[in-house]
Amino acid sequence: MEPTIKETAWDPEIEKQILQQWQDNKIYDFSPEGQVFVIDTPPPYPSGRPWHIGAASHYAQIDMIARTARMSGKNVLFPIGIDRNGLPVEIYTEKKYGIRMHETDRAEFLKLCETALDDLEAEMIQIMKSLGLSGNFAEYYRTDSEKYRTLTQSTFIEMWKQGQVYLANRPNNYDWVTGTTIADAEIIYEDIPTKLVHMKFQVKDPKRTIIIASTRPELLCACQTIIVNPEDERYTDVIGKKVVIPIINREVEVKVHPSAEKEFGSGAVMVCSYGDQNDVALFRDLKLEEIAAVGMNGRMKEVAGAYVGLKVKQAREKIIEDLTNQGFVEKIDNINHRTPISERSKTAIEIISMEEYYLKQKDSVDKIKELGSKINFHPPMHKQILMNWLESISIDWPISRRRFYGTEIPIWYCKKCNEPHVPEPGKYYRPWKDSSPIAKCTKCDSTEFVGEQRTFDTWMDSSVSPLYITKYKQDEAFFSKTYPTTIRPQSKDIVRTWLYYTILRCEKLTGKTPWTDAWIMGYGVDEHGAKMSKSKGNVIDPLPVIQKFGADTFRFWSASEINVGYDFRCSEQKIETTKKFLSKLWNVSRFLSGFNIVESTKPSASDKWILSELDKLIIECKKGYSEFNFFIPATALREFTWNLFAAHYIEMVKGRAYSSDFTEEERDGAIYTLHKVLSSVLILLAPITPFITDYLWQNLYSKNTIHHEKFVEPEGHEDWTKYTKEITEFNSEVWNKKKSANLSLKDTIEIAIPQSLEMFAKDLKAMHNIV
RNA sequence: GGGCCGAUGGUCUAGCCUGGUAGGAUACCCCCCUGACACGGGGGUGGUCGAGAGUUCAAAUCUCUCUCGGCCCA
């Protein structure tokens, strides 16, 4: 009867041995046979230290998806990747070494970025491994590898040849800090305190002034017209008349346009290239000639006259001062202005005309709506984020970036006639340093070429991840077996970028949806519901937490705390208390380890009761797992194991298992049932807490890993769960009685067992020592 | 301005779809080492379920309006 498990608590140190065992035995290897289940794992971006605890939690949950599928009998492809292209590492590198990218040798700069990425990546891989992810670490991929970039470029070339890509000179969102064009999807809006300057403009004839309010007076030099609403009677006399721009002393004509709101400011609006997206639309509508006021360095150009060379903000300060001194200012309001900010550099963007490459997306919107409507979203509410985004797409996708650390755009231009040429797909090209693979210009027969300097928007890389993991154009048999993939897990803030662009690109290339399911996670916030940020000092580093409490504790916390798609709160204290459940499970197992597994033909009433509760539990867990909602099985299992199985059933049958006053048949019924329940619980818990369950499983039930087991099925026991309430209430009553009588729990007591519990009488008498 | 989500004891949360005694965790108070577990066990204090109206025999749950928060889009 001595437990074979000696220790009285689960020691997370054991996880390391188990991890080693999994790795040595390669228990998670994938083969493209039978029913396959493919996870389009998000490759995390190593952008800084520490890694976000919310992200660690996401990956723990993605692993639960993999394990759930595996235990449901599927062959699971669970790739691991690291996203390494893009701005954050460039900014990180610039800061770390105090250098500017565009002033540094390109090859040298790339080298520095790579080193930074390697460091940060190592920490992420370590966390993912120690969390027990059952993914393919042996072949983990990087989006900046030659192989991955080859795919990005090849798919681009494919689209180029289909005529999906074009070059256009148009006003574009420009982030002057990072020196690159950005897509609408990369813009965020913030309310920033701004001065709304009410300026006096002089009309020549009739002689009068009109007031124009603007937050961008530094763009006066780029003003091409003043618009008023056609129904605004205050201005009917000035329509078509010339107005003098203050300070600049240039004349423009007053025009009518319905977009001028009578109620906003004075009702008259100055139209400049370009204060905002509205200006862009007006320039197009009214066929105005653009005046470039802001340069690519974020400073005013020559047309700004006295303000040339000043940064936009400085120019604004200065011109406000001059306007005031020269009597052009009627008043200045301090307002909060909704300002477009670059998501990456967190500075206000400018709208500047530049020549960039575009990928057509407007004509795909309907098709994507159709595909999107067929994808199962978990939770369904987040499908709305995609649908809303699709509604608001108004321009094609600008895909070229003036940055270094990205996949190079594989284009060479004829030196003579400037004709662009793309090379053959299937190889990795670096036009900024490689010599041209094209022999002769198709247009003018010239043999001299210049390589493209720009790189792709990083979403061009990320958006082909489902194609990369399924070996698109690499292994036809593998691809046809694994694509479309099964599930895309990702966080909700990149639905309009990663999720959307992936559908767009994969649809264009394969005509199909990239996955059948999308599983959208919320953010990890701090214990009070606030976003974690370094400046607030509420960041929790996941690594020490995992080391302290163990991966299983972290995982069980994640499962029992997170409702799919909703934001979740992270606190160390909560994680700590989760550990208690694992100790409970450990000690239940420790108790059972003293009893050899037996068969039983004649279960007692208590056995039938708990087996019927077990059936209910299995059904509940399977329901949760089928929806990839781990909250359901985690809480159901904890509730069952702790508050029914351990607290009531084990106490009831303990005497029977030790077999004093019981027959052998009765004893075997108890021991059989104890093991039946525990082994089922371990299997049901295995996707959530893979370490402790595997350890206990191998200690008690098998030489083989629990992770090759299939989920247990309900056995269809007669429904005796109706007794649960009575049993637990009766037990409570006895405990209370003993307490109020100042008796110890082992003391005898006289108490009547209710008629309805008669069939449990023998167990109950032994449990409470009822005489 | 539009959209999505949320509001349940001090704190966090389940229940809401499918209306019928609001469950759990944590914190707090009291008691207990009982043949697996003090990383444990037992008992207890604490909630008019954001506000208002409607439907109903009955509303945390359904409908409407509003308030406050979070996120997203213009």
Side-chain angles (χ1 to χ4, degrees), chain A residues 1-12 184-185 187-189 261 264 276-278 281 338 340 377 379-394 491-496 520 522-523 525-531 549-550 553 557 560-563 565-571 573-595 631-632 634-636 638-639 642-643 645-648 650-651 654-655 657-660 674 678 725 731-740 742-747 766-769:
Chain A
M1 299 294 171
E2 275 299 300
T4 58
I5 296 172
K6 298 292 171 219
E7 304 75 19
T8 59
W10 163 243
D11 177 11
D184 287 349
I187 292 174
I188 52 175
Y189 289 85
E261 285 176 53
F264 186 79
D276 55 27
Q277 282 298 341
N278 197 35
R338 204 142 169 71
F377 276 74
M381 66 176 178
H382 284 332
K383 183 177 282 190
Q384 206 53 40
I385 305 176
L386 173 66
M387 293 306 170
N388 290 348
W389 177 242
L390 287 170
E391 283 307 324
S392 67
I393 288 172
S394 59
S491 90
K492 69 177 181 190
D493 54 337
I494 51 174
V495 167
R496 63 195 172 120
I520 312 294
Y523 310 112
V525 293
D526 79 0
E527 54 192 317
H528 305 293
K531 230 178 195 166
F549 303 116
T553 301
W557 162 77
S560 62
E561 197 74 9
I562 298 176
N563 216 338
Y566 292 86
D567 293 352
F568 54 95
R569 308 198 177 202
C570 306
S571 87
Q573 199 224 327
K574 285 227 165 196
I575 297 171
E576 185 170 10
T577 52
T578 304
K579 188 163 182 275
K580 289 185 182 176
F581 171 64
L582 298 188
S583 279
K584 193 74 196 177
L585 182 70
W586 176 268
N587 279 300
V588 166
S589 306
R590 186 172 115 88
F591 171 61
L592 286 210
S593 72
F595 302 98
F631 180 85
I632 293 172
T635 46
R638 179 173 55 197
E639 185 61 22
W642 206 324
N643 296 334
F645 185 54
H648 295 280
I650 291 184
E651 294 303 331
K654 208 183 253 175
Y658 286 125
S659 84
S660 41
L674 284 165
L678 178 64
K725 202 178 168 197
N731 288 337
S732 250
E733 190 194 328
V734 179
W735 285 323
N736 253 331
K737 273 233 165 86
K738 284 195 176 177
K739 179 189 144 88
S740 54
N742 248 334
L743 293 170
S744 152
L745 284 179
K746 60 184 169 187
D747 289 337
M767 171 183 183
H768 295 296
N769 215 354

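A, B, ... follow the sequence lines: proteins, then strands. Residue 1 opens every chain.
For B:C39, neither phosphate oxygen OP1 nor OP2 lies less than 4.0 angstrom from any side-chain nitrogen or oxygen of A:Asn587. The phosphate of B:C31 has neither OP1 nor OP2 within less than 4.0 Å of any side-chain N or O from A:Trp735. The side chain of A:Arg569 places an N or O atom within less than 4.0 Å of a non-bridging phosphate oxygen (OP1 or OP2) of B:U13. Dashed line: the shortest gap from a side-chain N or O of A:Tyr566 to OP1 or OP2 of B:G6 is under 4.0 Å. Remark: A:Ser732 is in phosphate contact with B:G43, judged by side-chain N or O atoms under 4.0 Å from OP1 or OP2.
Stretches of at least 3 consecutive Watson-Crick or G-U wobble pairs, with each checked distance under 3.5 Å, appear in RNA chain B as B:1-7 with B:67-73, B:10-13 with B:23-26, B:28-32 with B:40-44, B:50-54 with B:62-66.
Here the side chain of A:Lys584 is nearest to one of B:C39, B:C5, B:C37, namely B:C37. Closest contact between the side chain of A:Lys574 and the listed nucleotides B:U34, B:C12, B:C37 involves B:C12.
Within 4.0 Å of A:Lys654, counting heavy atoms only, lies at least one base atom of the nucleic acid. Across all strands shown, A:Leu592 has no heavy atoms under 4.0 Å from either base or sugar-phosphate atoms. Using a 4.0 Å heavy-atom distance criterion, A:Ser589 is classed as making no nucleic acid contact. Across all strands shown, A:Lys746 has heavy atoms under 4.0 Å from sugar-phosphate atoms exclusively, and none from any base. When heavy atoms are screened at a 4.0 angstrom cut-off, A:Trp642 is found touching the sugar-phosphate backbone but no base atom.
Spacing between atom CD of A:Glu651 and atom P of B:G42 amounts to 8 Å, rounded to whole angstrom units.
Atoms CD and CZ, from A:Glu7 and A:Arg590 in turn, are 8.5 Å apart once rounded to the nearest 0.5 Å.
Taking 3.5 Å as the limit, the base of B:U21 and the side chain of A:Lys725 contain a donor-acceptor pair of atoms between them.
With A:Thr578 contributing its side chain and A:Lys574 its backbone, the two residues share a donor-acceptor pair below 3.5 Å.
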